[in-house]
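Report on the following structure.
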Amino acid sequence: MSDEARRVFQVVDLFDPDRFVELLADDGRLVFGNAEPLVGRHAVAEGLRGFFATIAGLAHRIVRTWQAGGDTIAETEVTYRRLDGKDVSVVAVSIWRTDGDGLISDYRIFVDLAPVYAA
């Protein structure tokens with residue numbers, strides 16, 4: 001497991017969009033599943049605020065990571081705390097690319113959130 005992946009998910013699990021976007025390049029891009037890309041720190045923070053308003057929290061357990069140059073692939077088990085207090089765990093894959101300054105320029109998340117919102 002890479003130190004970088006551990007650091008990134010520690011920040012994600014803080015549940016604080018403003019802290020997360022500090023990991024991004026100014027023009028960093030986030031794509032969540034098949035949603036439209038969010039480009040730039042402000043857009044990513046606003047998008048995360050909207051998503052975070054639908055859950056009460058989250059925690060990542062890193063299963064495995066791979067690195068190739070500036071690219072990181074992380075398989076995780078993510079436990080989402082629903083607004084009703086129930087926890088639901090799903091498998092996710094995140095892929096990100098860092099630029100020469102070590103900031104994330106492109107971050108993609110692949111996960112099926114249907115179980116999180118199921119009645």
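Each residue takes its place number in the sequence, starting with 1.
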Could you pull out all residues at least two apart from [X] that satisfy ring-ring contact (aromatic ring centres under 6.0 Å, His included)?
X: F51; answer: F32
X: F15; answer: F52
X: F9; answer: H60, W96

Begin with the C-alpha distance, continue with both residues' side-chain angles, and end with the deciding distance and a verdict on side-chain contact (heavy atoms from CB on, under 4.5 Å) for V8 and T72. CA-CA 11 Å; V8 167; T72 299; over 6 Å; no

Closest approach of [X] and [Y], non-hydrogen atoms and distance?
X: A53; Y: L83; answer: O-CD1, 3.8 Å
X: S105; Y: A25; answer: CA-CB, 4.4 Å
X: D112; Y: P115; answer: O-CD, 3.4 Å
X: R82; Y: D84; answer: NH2-OD2, 2.6 Å
X: A45; Y: V21; answer: N-CG1, 3.7 Å
X: A92; Y: V78; answer: CB-CG2, 3.9 Å

Applying side-chain contact (heavy atoms from CB on, under 4.5 Å), run through E22 and V11 and close with a yes or a no. CA-CA 9 Å; E22 291 174 2; V11 172; over 6 Å; no

If you round to the nearest 0.5 Å, how far is [atom2] of [Y] from [atom1] of [X]?
X: I55; Y: T79; atom1: CD1; atom2: OG1; answer: 11.0 Å
X: L103; Y: T98; atom1: CG; atom2: OG1; answer: 8.5 Å
X: L23; Y: R7; atom1: CG; atom2: CZ; answer: 5.5 Å

Linking I/L/V/M/F/W/Y whenever any side-chain heavy atoms sit under 4.5 Å apart, do V31 and L113 land together? no

For R97, is there an ion pair with D106 - N to carboxylate O distance below 4.0 angstrom? no

From CA spacing to verdict: side chain to side chain donor-acceptor pair (under 3.5 Å), S89, Y80: CA-CA 6 Å; S89 296; Y80 291 93; over 6 Å; no

pair L30-I109: side-chain heavy atoms closer than 4.5 Å: yes

Could you identify which residues cluster with W66, counting Ile, Leu, Val, Met, Phe, Trp and Tyr as linked when any side-chain heavy atoms lie under 4.5 Å apart, either directly or through a chain of such contacts? I73, V93, I95, F110

ILVMFWY clustering at 4.5 Å (side-chain atoms), partners of V91: none

Hey, could you give me each pair passing salt bridge (Lys or Arg N to Asp or Glu O under 4.0 Å) that has a residue in residues 39-63? Not counting sequence neighbours. D18-R49, D26-R41, E46-R49, R61-E77

Heavy-atom donor-acceptor pair, R29 side chain to V44 backbone, under 3.5 Å: no

